[in-house]
Amino acid sequence: YATSLNNLGAIYSDIGDYKQAEQYYLEALEIRKTTLGVNHPDYALSLNNLGTLYSDMGDFQKAERYYLEALNIRKSVLGINHPDYAESLRSLGSHYYDIGNYKEAEKYCLEAVEIQKSTIGINHPDYALSLNELGAIYSEIGNFQKAKEYFLAVADIHYFIYGEYHQKYATSLNNLGAIYSDIGDY
């Protein structure tokens, strides 16, 4: 039941109904806390989802608290060489990017990439997401060469996974095109 509530929260979040999403996410969190306890990966997943929701709502302090709690649970329960721990790192990196703390964003995303490389491999959508986050960070701080390297890698992964007619591949090409424009390579 908590999984269904969590999925409903994700749907409402995707369509921008954040209040309804929050209600479902909080209910899922409470059920997971009661039935599984606070040291369970599914409880940490609910925390991470709430962190993302609050970030989307612009409540960055609340988002950070949820992200950090999820990270700490995943670290203690799953260990540091687990894809879910890497997901928490990337989520925190994305959070720090959103608030303009690019140094912290870079640190967390680089750590996530290293873990993902050894746990899920380099041809995985989550790995590409972390690389894309790094590309955005480097673009934002004006390191266009590094941004280009990361966006090229993302495009290659998306092409490999989805093929040339998929939206994700097109988006990665668009990101790459923006970098070429930034460096004046038309």
> Do Tyr25 and Glu30 come within less than 4.5 Å of each other through their side chains, counting heavy atoms only?
Replying inline: no
>> Just checking Phe60 against Tyr54, ring centres under 6.0 Å apart?
In response: no
>> Do Asn6 and Arg32 make a side-chain contact, defined as non-hydrogen atoms from C-beta onward lying under 4.5 Å apart?
In response: yes
> Judged by atom type as modelled, is there a donor-acceptor pair below 3.5 Å linking the side chain of Ser55 to the main-chain atoms of Gly51?
Replying inline: no
> Which heavy atom in His158 sits nearest to a heavy atom in Lys168, and how many Å separate them?
Replying inline: ND1-O, 3.1 Å
> Please walk me through it: do Ser139 and Phe144 pass side-chain contact (heavy atoms from CB on, under 4.5 Å)?
Replying inline: CA-CA 5 Å; Ser139 175; Phe144 300 120; 4.1 Å; yes
> Are Arg90 and Glu111 within salt-bridge range, i.e. N to O under 4.0 Å?
Replying inline: no
>> Any non-hydrogen side-chain atom of Lys75 less than 4.5 Å from a side-chain atom of His82?
In response: no
>> Determine whether a donor-acceptor pair (N or O, by modelled atom type, separation under 3.5 Å) exists between the side chain of Asn72 and the backbone of Leu68.
In response: yes
> Around atom OH of Tyr18, are there more than 12 heavy atoms of other residues, nucleotides or ligands at under 6.0 Å?
Replying inline: yes
> Could Lys33 and Tyr43 be counted as a cation-pi pair, given that NZ or CZ must be under 6.0 Å from the ring centre and within 45° of the axis?
Replying inline: no
> Ring centroid separation for Tyr108 and Tyr96, is it under 6.0 angstrom?
Replying inline: yes
>> Please give me the minimum heavy-atom distance between Ser94 and Cys109, naming the atom from each residue.
In response: N-SG, 4.4 Å
> With side chains defined as the heavy atoms from C-beta onward, is the minimum distance between Ile161 and Pro125 less than 4.5 Å?
Replying inline: yes
> Looking at Ile137 and Glu106, what are the two nearest heavy atoms and their distance?
Replying inline: CD1-N, 3.7 Å
>> In this structure, would Val38 and Val77 fall into the same cluster of hydrophobic residues linked by side-chain contacts under 4.5 Å?
In response: yes
>> I need the Glu22 CD to Asp59 CG distance, nearest 0.5 Å.
In response: 9.0 Å
>> For a quick test of reading the model, state the closest non-hydrogen atom pair linking Ala44 to Ala70 and the distance between them.
In response: O-CB, 3.4 Å
>> Using the rule that Ile, Leu, Val, Met, Phe, Trp and Tyr join whenever any side-chain heavy atoms are under 4.5 Å apart, tell me whether Leu5 and Leu26 fall into a single cluster.
In response: no
> Minimum heavy-atom separation for Ala112 to Ala86, with atom names?
Replying inline: CB-O, 3.4 Å
> Under a single-linkage definition using a 4.5 Å side-chain heavy-atom cutoff for Ile, Leu, Val, Met, Phe, Trp and Tyr, are Leu92 and Ile80 assigned to the same hydrophobic cluster?
Replying inline: yes
> Going hydrophobic residue to hydrophobic residue with side-chain gaps under 4.5 angstrom, can you get from Tyr150 over to Ile120?
Replying inline: yes
> How far does CG of Asp84 sit from OG of Ser91, to the nearest 0.5 angstrom?
Replying inline: 10.5 Å
> In Å and rounded to the nearest 0.5 Å, what is the CD1 to OH distance from Ile157 to Tyr162?
Replying inline: 10.0 Å
>> With rounding to the nearest 0.5 angstrom, report the CG to CG distance, Leu78 to Asn39.
In response: 10.5 Å
>> Under 4.5 Å between side-chain heavy atoms, counting indirect links through other Ile/Leu/Val/Met/Phe/Trp/Tyr residues: same cluster for Leu129 and Tyr169 or not?
In response: no
> What's the shortest heavy-atom distance between Lys148 and Ile179, and which atoms?
Replying inline: CB-CG2, 3.7 Å
> Are the side chains of Val154 and Asn175 in touch, meaning some heavy atoms are under 4.5 Å apart?
Replying inline: no
>> I'd like to check His95 versus Glu104 (side-chain heavy atoms, cut-off strictly below 4.5 Å). Are they in contact?
In response: no
> Can Lys146 and Glu149 be counted as an ion pair, charged N to O under 4.0 angstrom?
Replying inline: no
>> Rounded to the nearest 0.5 Å, what separates atom OG1 in Thr3 from atom CG in Asp42?
In response: 6.0 Å
>> Quick check: Tyr102 with Tyr97 (ring centres under 6.0 Å apart)?
In response: yes
> Side chain of Ser181, backbone of Gly177: donor and acceptor closer than 3.5 Å?
Replying inline: no
>> Please determine whether the number of non-hydrogen atoms from other residues, nucleotides or ligands lying under 6.0 Å from atom CD1 of Ile31 exceeds 12.
In response: yes
> Distance only, no hydrogens: is a donor on one side chain within 3.5 Å (strictly under) of an acceptor on the other, for Gln23 and Tyr12?
Replying inline: no
> Would you find a donor on one side and an acceptor on the other, under 3.5 Å apart, between the side chain of Thr119 and the backbone of Ile115?
Replying inline: yes
>> Under a 3.5 Å distance rule, please check whether Tyr67 uses its side chain to pair with a backbone N or O of Thr52 as donor and acceptor.
In response: yes
>> Working to the nearest 0.5 angstrom, can you tell me the gap between Leu53 CG and Tyr66 OH?
In response: 9.5 Å
